[in-house]
Amino acid sequence: MGNFDPVCIATWSFPNASRKAGELLTAGATALDAVEQGVMVEEADIKNTTVGRGGAPDREGNVTLDACIMDPSGKAGAVVYFKHHTHAVSVARKVMEDTPHVILAGEGADQFARQQGFKKEDLLTENSRDAFKEWLKTKEYKPIINIENHDTIGMLCLDSQGDIAGACTSSGLSYKMNGRVGDSPIIGAGLFLDNEVGGAVATGMGEAILKSVGSFLIVELMRQGKSPQEACEEAILRIIKQNSNYKEFQAAFIAINKKGDVGSSCIQKGFSYMEYRGGKNVNFPSKFYH
Ligand code: ASP
């Protein structure tokens with residue numbers, strides 16, 4: 001065991017995921033194993049309608065997952081428009097470890113997953129199929145506002161060796177256009193870390209997060225001396241400056257530095273994050289702008 005007190009933080013209120021990762025870290029697991037296994041809890045939970053199996057489909061009924069993972073050495077892997085396997089994060093890890101690439105998309109990502117022994121699954125559940133049928137009656141497409149419907153899990157872990165890893169996994173916006181990829185699998189936007197500095201991860205309106213390259217920005221601001229809290233607030237301000245309609249959507253970041261200090265900021269009231277530290281698994285309301 002190393003000398004650091006391990007910490008896990010994760011977007012929203014997913015206590016089972018942060019507990020899983022936190023307990024693993026306490027038992028001496030690496031940050032990389034902890035983030036993977038932590039977010040897998042939500043990927044497998046079919047009650048969660050925006051992560052993994054059970055995630056809401058696009059407008060044509062396809063469930064398409066986006067996920068990425070980064071390890072302390074700066075290696076990264078991602079899958080986008082990924083259709084047939086629950087554990088997108090594990091396939092992203094395989095992309096990172098077993099291919100010369102960072103991102104695999106669509107059919108190629110699914111083919112790679114099958115080659116790696118992942119079982120092909122139908123990601124549309126009875127509930128998500130019923131909800132989709134209901135949605136088809138009006139076909140109302142409102143990615144804006146929809147603040148409650150953001151449940152991407154982004155997680156950062158600091159392990160007992162003092163190393164940081166991160167993961168982010170999502171089925172993206174409900175009833176998005178076929179082919180849409182969000183911020184969650186994009187290194188620098190949905191997730192970024194530098195093991196010398198810290199890490200950041202995002203949830204909310206992917207288009208706004210992509211345009212701000214927010215997670216990268218937060219890590220760079222922390223490198224320049226800002227606390228995780230100050231850095232998250234600055235990234236939210238950039239999004240507000242860039243988007244005159246900011247009152248209509250949610251965007252949120254959480255961040256951690258090498259000392260284990262944590263920060264979080266978002267546009268709208270209502271975002272919270274989990275923190276597992278010293279055996280305690282707590283949900284904290286985030287600071288918000290609006
Ligand atoms: N960031 C995700 C996306 O835009 C959605 C979310 O966090 O709810 O795909």
Side-chain angles (χ1 to χ4, degrees), residues 9-14 17 39 42-43 45 47-52 54-59 62-69 78-83 88-89 92 103 105-106 109 123 128 131 135 141-156 166-192 200-218 232 235-236 238-239 242-243 245-246 248-255 264-274 286 288:
I9 56 170
T11 54
W12 302 105
S13 179
F14 297 126
V39 301
E42 287 308 312
E43 288 183 331
D45 181 355
K47 290 196 295 303
N48 183 329
T49 59
T50 60
V51 180
D58 66 20
R59 297 177 195 189
N62 311 297
V63 181
T64 66
L65 306 181
D66 290 338
C68 72
I69 192 161
V79 290
V80 306
Y81 196 78
F82 184 63
K83 274 186 172 169
V89 72
I103 304 179
L123 300 183
S128 53
W135 177 80
Y141 183 53
K142 275 200 206 149
I144 300 182
I145 305 194
N146 211 9
I147 289 157
E148 278 72 50
N149 211 7
H150 292 296
D151 290 338
T152 295
I153 182 159
M155 181 180 280
L156 295 159
C168 191
T169 179
S170 183
S171 54
L173 293 178
S174 306
Y175 313 126
K176 60 194 173 186
M177 286 176 69
N178 183 19
R180 184 261 189 190
V181 172
D183 61 304
S184 307
I186 304 301
I187 302 300
L191 168 72
F192 191 71
V201 71
T203 179
M205 184 60 72
E207 283 68 12
I209 296 160
L210 280 163
K211 288 185 291 178
S212 72
V213 200
S215 293
F216 180 73
L217 173 66
I218 289 168
C232 287
I236 289 295
R238 299 275 179 103
I239 289 183
Q242 240 182 356
N243 298 273
N245 65 337
Y246 71 87
E248 295 167 353
F249 64 86
Q250 178 64 295
F253 294 101
I254 58 172
S264 159
S265 187
C266 60
I267 302 178
Q268 322 280 350
K269 188 174 179 193
F271 171 66
S272 65
Y273 66 94
M274 293 302 306
S286 171
F288 56 93

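Numbers for residues simply follow the sequence, beginning at 1. We count ligands from 1, going down the list as the structure has it; atoms in each ligand are counted the same way. Here the structure is a predicted model, which is why all the values come from computation and not from measurement.
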With a 4.5 Å limit on heavy-atom distance, are the side chains of N243 and F249 in contact?
-> yes
Got an N/O contact under 3.5 Å between R180 and ligand 1?
-> yes
Any atoms of ligand 1 less than 4.0 Å from a non-hydrogen atom of G172? List them with their elements.
-> 9 (O)
For atom 5 (C) of ligand 1, the option (of G182, G206, G204) bearing the nearest heavy atom = G204
Report yes or no: does a heavy atom of E207 sit under 4.0 Å from some atom of ligand 1?
-> no
Go through the structure and list residues passing side chain to side chain contact (heavy atoms under 4.5 Å, CB included) with S13, not counting sequence neighbours.
-> P15, S272, M274, N283
With heavy atoms under 4.0 Å as the rule, classify the contact between S184 and ligand 1 as side chain, backbone, both or neither.
-> side chain
Please tell me if the side chains of L65 and V79 come closer than 4.5 Å, counting only heavy atoms from C-beta onward.
-> no
Would you check if W12 and Y273 make a side-chain contact, meaning some heavy-atom pair closer than 4.5 Å?
-> no
Within-4.5 Å side-chain heavy-atom neighbours: I187 and F192 | yes
Output yes when E207 and K176 qualify as a salt bridge under the 4.0 Å nitrogen-oxygen rule, no when they do not.
-> no
Taking distance alone, with no angle check, do D183 and ligand 1 share an N/O pair under 3.5 Å?
-> yes
Mind checking whether L173 has a heavy atom under 4.0 Å from ligand 1?
-> yes
Can you check whether I209 has an N/O within less than 3.5 Å of an N/O in ligand 1?
-> no
Is there at least one pair of N or O atoms, one from M205 and one from ligand 1, spaced under 3.5 Å apart?
-> no
With Y81, which residues qualify under side chain to side chain contact (heavy atoms under 4.5 Å, CB included), at least two apart?
-> N62, T64, K83, N178
